[in-house]
Structures are given as structure tokens and as C-alpha cells.
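First the structure, in the form of C-alpha cells, and then the observations on it.
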Amino acid sequence: MGTYMKEYRIKQAAILLRQTQATIAEIANQVGYENQSKFATAFRDVLKIAPAEYRKQNSGD
């Protein structure tokens, strides 16, 4: 159960990183992480990349 929720939240965060200009801290908060470092660790666990790198690679530029 925990793993499923974690993956779900990270996938939601990935969408927000691609589609919004919200800061990583704001996105972490929106998907239920109270601190950014826990969020970044979870993000790396699931997607094997840091949130900031993910955003860079997947932004419209």
C-alpha cells in the first residue's frame, strides 16, 4: 500500500513539474510531503532522477 501511494504521489508531482511553474517545494507540499528533502529522496527512488533534473529534461524548452 505504501509503495503504491508513494509512486502515485511522485507521478502526480512529475505532471506538476512538467505542466506548472510551481517551485519544487510547493509541488512537494501539494503531493503530501512536508519537507523538500524527503520529497526529493522519494522522487529519486521512484523515477531515478532528481526533481530539478526531471523538470529540466521535460520542460518545453
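We count residues from 1, following the sequence as given.
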Inter-residue atom distance Q21.CD - S59.OG, 0.5 Å rounding
8.5 Å

Taking only residues two or more places apart in sequence, or in another chain, which ones meet A52 in a side chain to side chain contact (heavy atoms under 4.5 Å, CB included)?
I24

Any donor and acceptor pair, going by atom type alone, linking the side chain of N29 with main-chain N or O of A25 inside 3.5 Å?
no

Sequence neighbours excluded - ring pair (Phe, Tyr, Trp, His ring centres under 6.0 Å) pairs with any residue from residues 11-32:
none

Residue list, salt bridge (charged side-chain N to carboxylate O under 4.0 Å, His left out) with E53, at least two apart or on another chain:
K56

Just to verify, what does Y33 make a ring pair (Phe, Tyr, Trp, His ring centres under 6.0 Å) with, not counting sequence neighbours?
F39

Mind jotting down which residue pairs meet the salt bridge (charged side-chain N to carboxylate O under 4.0 Å, His left out) criterion with at least one end in residues 29-42? Sequence neighbours excluded, please.
E34-K38

Show the nearest heavy-atom pair for residues A40 and P51, with the distance to one decimal.
CA-CG, 4.0 Å

Nearest 0.5 Å, please: how far is CD1 in I49 from CZ in R44?
10.0 Å

Side-chain donor-acceptor contacts of residues 7-16 below 3.5 Å, not counting sequence neighbours, with atom names and distances?
| unit_1 | atom_1 | unit_2 | atom_2 | d |
| --- | --- | --- | --- | --- |
| R9 | NE | V31 | O | 2.9 |
| R9 | NH2 | G32 | O | 2.8 |

Check the pair I27 / L17 against side chain to side chain contact (heavy atoms under 4.5 Å, CB included), numbers first and verdict last.
CA-CA 7 Å; I27 289 170; L17 283 166; 3.7 Å; yes

Check K6 against A42 and note the closest heavy-atom contact, atom names and distance.
CD-CB, 4.2 Å

